[in-house]
2 protein chains.
Amino acid sequence: MATENNKEKYVYDYPHPAVTTDCVVFGFDGRDLKVLLIKRGIEPFKGMWAFPGGFMLMQETAEECAIRELKEETGLELKSVKQLGAFSGIHRDPRERVVTIAFYALAAKTVIRGGDDAADACWFAIDDIPQLAFDHDYILRHAMKRIREDIHFEPVGFDLLDEEFSMSELQRLYESILGVHFDRRNFYKKMMQTGILKEVADDSEEAGTSADDVLYDRGVNKKQNTFYGEHKEMRNRSIDELFAPQGGAGHSSKQAIPTDTFCYCENAISFHDEMEKPRPLGRPGKRFRFDKEGYNRMKESGNFRLEF
Amino acid sequence: MATENNKEKYVYDYPHPAVTTDCVVFGFDGRDLKVLLIKRGIEPFKGMWAFPGGFMLMQETAEECAIRELKEETGLELKSVKQLGAFSGIHRDPRERVVTIAFYALAAKTVIRGGDDAADACWFAIDDIPQLAFDHDYILRHAMKRIREDIHFEPVGFDLLDEEFSMSELQRLYESILGVHFDRRNFYKKMMQTGILKEVADDSEEAGTSADDVLYDRGVNKKQNTFYGEHKEMRNRSIDELFAPQGGAGHSSKQAIPTDTFCYCENAISFHDEMEKPRPLGRPGKRFRFDKEGYNRMKESGNFRLEF
DNA sequence: ACAAAAGTGTTTGGGATACACCCATGC
DNA sequence: GCATGGGTGTATCCCAAACACTTTTGT
């Protein structure tokens with residue numbers, strides 16, 4: 001049906017929409033769930049923030065496209081992305097009819113630090129997202145809904161953490177994603193009895209001041225006194241509340257903040273330089289790893305579900 | 001970017017894939033979960049069975065396209081479809097690069113009977129699906145997985161039943177979808193305590209020999225003696241087993257059946273004429289309705305989940 | 001000494017499961 | 001009467017939620 005002539009034009013008997021991909025990349029810095037955005041350099045929506053993504057090539061699947069674009073635009077090299085679905089609003093792109101296939105992905109902390117090509121790529125805390133280009137607000141709502149569902153069935157969390165992590169890091173991650181608070185002891189028990197964690201033998205120094213804590217420490221302790229206080233409200237807020245239309249009801253603090261401050265950008269690159277490493281207070285905890293074998297065993301033997 | 005010239009050609013600076021939709025329509029006849037398929041009248045895959053669907057127009061969303069194509073090809077008029085996702089395999093259509101956005105939908109029994117335009121549209125029992133065109137086998141696996149997940153959280157079942165139904169009809173539906181068997185009494189209790197059902201006042205005749213039972217009765221009683229025996233194996237079979245590659249291991253009965261028989265077609269239209277109405281045996285049960293208000297109350301007040 | 005964070009065990013209540021008897025209908 | 005299927009209650013068990021004290025570290 002399609003014919004390619006020499007003038008680099010592509011001709012079809014029937015109109016074809018353009019197909020793009022967009023990728024919602026989640027990260028976790030030990031405190032908040034974050035999303036990777038890029039600042040658009042061209043129209044439409046020039047200057048606004050958007051998910052990395054772009055036009056699909058004929059010789060690649062949508063998944064491959066999402067991974068390629070992510071690499072090109074942010075330097076992140078991920079092995080897999082999960083599809084959220086197609087978004088086909090008729091006027092979602094003012095240029096032409098564009099159907100986008102949206103994905104989401106999880107970037108571990110180590111990977112977060114790896115991004116160097118990301119000139120205009122920044123991580124935004126999930127409750128400090130600026131207004132986005134296209135229908136990306138809408139896509140983000142779907143992505144949040146999806147990650148909250150997936151975390152019950154799949155070991156989503158471990159892709160967001162380093163290989164080794166403490167139980168409280170894991171718990172903070174779950175709490176960030178689900179927006180709730182768990183009893184520390186019950187969380188511990190529940191996690192352990194899933195059989196998807198294995199404890200790391202305590203080889204004294206190994207985990208101590210390693211790079212693991214770098215991102216975690218960055219800035220966390222500045223606010224730590226008020227951490228629970230600040231976010232307590234958020235913890236029981238629904239997705240819709242979190243993503244109410246700009247200036248919507250019920251969240252006056254957001255309205256008061258001017259856009260520039262609201263769009264405060266934590267650039268992935270600058271992470272390296274800015275950080276000091278005050279250790280977390282208190283007793284250092286055991287460290288754990290994701291036990292892939294244990295997970296497979298669980299998955300095979302019946303319906304695996306993390307019941308939170 | 002796109003330019004339309006007078007020769008009914010559509011020209012783009014970059015190659016565009018075609019975009020289609022496909023819709024997996026589930027039905028339930030009181031015994032088996034069914035899927036609506038159409039026989040392809042043109043190449044490619046002429047003569048093979050496929051999901052209803054077709055090319056998306058520029059002035060419609062993918063959802064609208066799926067609903068429109070469903071109407072055109074089968075006569076079914078549905079109000080909503082749910083998206084499964086985009087399938088973007090490079091060679092999934094031999095003609096040109098085609099990305100399809102797949103949907104699934106649920107058709108109530110009454111609606112099933114309504115289809116008159118469906119010349120080559122047939123319902124197939126979920127464990128008697130012929131080999132399908134394109135990558136539709138693959139899509140069907142996703143659809144089955146999805147409906148099994150959705151049924152836990154959403155009142156999926158009620159879209160497949162008539163307005164009024166008996167508890168055992170509902171149970172059979174759940175058992176068909178999930179492939180398991182429930183204790184009748186526990187199922188009853190669990191369903192009732194969700195608060196999403198309301199009992200229908202017994203106005204004697206109203207529900208008795210009404211059209212409700214028509215489809216249900218068709219053919220069910222012919223096999224009823226052996227119903228549980230025949231399907232017991234299937235009940236605990238996983239999706240992958242159910243959809244093993246043609247001639248795969250472990251299901252010798254299928255291998256023995258020649259394709260023509262295997263593709264036995266229960267045409268939606270002929271339902272009207274063929275049926276006799278032997279009532280179900282035993283004591284006639286209470287009838288229930290889906291309680292939309294109760295469902296909304298449940299959904300708002302915390303995480304609604306049907307735990308099966 | 002004190003604050004902060006982490007490790008651990010017990011109790012208890014509610015919900016899921018297993019199970020049995022009686023009733024209504026058609027033949 | 002008998003086969004078939006529907007309606008209901010109870011006992012049990014397990015899991016999840018609630019909850020407190022001790023230990024380690026840094027200041």
Side-chain angles (χ1 to χ4, degrees), chain A residues 30-31 152 165-172 175 180-195 197 199-200 202 204-205 207-209 213 216-217 220-229 277-288 302-303 305-308, chain B residues 30-31 152 164-172 174-175 180-195 197 199-200 202 204-205 207-209 213 216-217 220-229 276-288 302-308:
Chain A
R31 183 174 51 119
H152 290 294
F165 47 85
S166 71
M167 191 58 82
S168 51
E169 282 174 308
L170 186 62
Q171 182 174 348
R172 267 192 294 268
E175 290 178 339
V180 294
H181 178 69
F182 298 114
D183 179 273
R184 192 167 48 91
R185 297 154 287 194
N186 292 332
F187 183 86
Y188 185 96
K189 268 181 296 185
K190 208 179 290 186
M191 264 301 162
M192 291 313 285
Q193 77 191 18
T194 62
L197 291 186
E199 194 178 328
V200 174
D202 185 10
S204 307
E205 276 310 293
T209 53
D213 302 301
Y216 167 68
D217 293 331
V220 171
N221 291 296
K222 297 172 195 165
K223 287 190 170 187
Q224 204 155 48
N225 302 333
T226 50
F227 171 36
Y228 281 96
K277 313 192 208 172
R279 284 171 173 246
L281 300 181
R283 178 174 169 180
K286 289 182 184 175
R287 310 230 112 218
F288 299 88
N303 313 5
R305 180 176 159 86
L306 277 169
E307 192 66 66
F308 285 119
Chain B
R31 183 175 50 121
H152 291 294
E164 284 183 20
F165 47 85
S166 71
M167 190 59 81
S168 51
E169 281 174 308
L170 186 62
Q171 182 175 348
R172 268 193 294 269
Y174 270 77
E175 290 178 340
V180 294
H181 178 69
F182 299 114
D183 180 274
R184 191 167 49 93
R185 297 154 286 192
N186 294 331
F187 183 87
Y188 185 95
K189 267 182 297 185
K190 207 178 291 184
M191 264 302 161
M192 290 313 285
Q193 76 192 19
T194 61
L197 291 186
E199 195 178 328
V200 174
D202 186 10
S204 307
E205 275 309 294
T209 53
D213 302 302
Y216 167 70
D217 293 331
V220 171
N221 290 296
K222 298 172 193 165
K223 286 191 171 186
Q224 204 156 48
N225 303 332
T226 50
F227 170 37
Y228 281 96
E276 304 143 38
K277 313 190 208 172
R279 283 169 173 250
L281 300 181
R283 176 176 170 179
K286 289 182 184 175
R287 308 230 115 218
F288 299 88
N303 311 7
F304 173 66
R305 180 177 159 85
L306 277 169
E307 192 67 66
F308 284 118

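Keep in mind that this is a model prediction, so the values were computed, not measured. Per chain, numbering begins at 1; letters A, B, ... match sequence-line order.
- Neither OP1 nor OP2 of C/dG7 sits under 4.0 Å from any side-chain N or O of A/Lys189.
- A side-chain contact (heavy atoms from CB on, under 4.5 Å) with A/Phe187 is found for exactly one of A/Met167, A/Met192, A/His181, namely A/Met167.
- Atom CE of A/Met191 and atom P of D/dA16 are 13 Å apart (whole Å).
- Residue A/Ser168 is in sugar-phosphate contact alone, with no base atom involved, counting any heavy-atom pair closer than 4.0 Å across all strands shown.
- Per the geometry, CZ belonging to B/Phe165 stands 20 Å off P belonging to D/dG5, to the nearest Å.
- Residues B/Gly285 and A/Gly282 each lie close to DNA chain D; by heavy-atom proximity, the contact nearer the 5' end of the strand is made by B/Gly285.
- One can place CD of A/Glu199 at 14 Å from P of C/dA6, the figure rounded to the nearest angstrom.
- When all heavy atoms of B/Lys286 and B/Tyr188 are compared, the closest pair comes out as NZ-OH, 3.8 Å.
- Nearest heavy-atom pair across A/Phe165 and A/Leu197 is CZ-CD2, 3.8 Å.
- Checking D/dA17, C/dC23, D/dG9 against the side-chain heavy atoms of A/Asn186 singles out D/dA17 as nearest.
- Here A/Lys286 reaches the OP1 or OP2 of C/dT8: one of its side-chain N or O atoms lies under 4.0 Å away.
- Contact check, B/Tyr188 against D/dT8: a side-chain N or O comes under 4.0 Å of OP1 or OP2.
- Phosphate contact (OP1/OP2 of C/dA16, side-chain N/O of B/Gln193, threshold under 4.0 Å): present.
- A straight line from CZ of A/Arg283 to P of C/dA5 spans 14 Å, rounded to a whole angstrom.
- The nearest whole Å value for the distance from the CG atom in A/Asp183 to the C1' atom in C/dG9 is 12 Å.
- Atom pair A/Glu169:CD and C/dA5:P shows a separation of 13 Å (rounding to whole Å applied).
- Put simply, NZ on B/Lys190 is 12 Å from C1' on C/dA18, counting in whole angstrom units.
- Between B/Phe187 atom CZ and D/dG7 atom P the separation is 12 Å, expressed in whole Å.
- Judged by distance alone, with hydrogens and angles left aside, B/Arg185 brings a side-chain donor or acceptor within reach of the base of C/dA20, the pair sitting under 3.5 Å.
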* Begin with the C-alpha distance, continue with both residues' side-chain angles, and end with the deciding distance and a verdict on side chain to side chain contact (heavy atoms under 4.5 Å, CB included) for A/Phe288 and A/Met191. => CA-CA 11 Å; A/Phe288 299 88; A/Met191 264 301 162; over 6 Å; no
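- The minimum heavy-atom distance linking B/Phe182 with B/Glu175 is given by the pair N-OE2, 2.9 Å.
- Distances were taken from every side-chain heavy atom of A/Arg184 (C-beta onward) to each of D/dA20, D/dA17, D/dT8; the shortest belongs to D/dA20.
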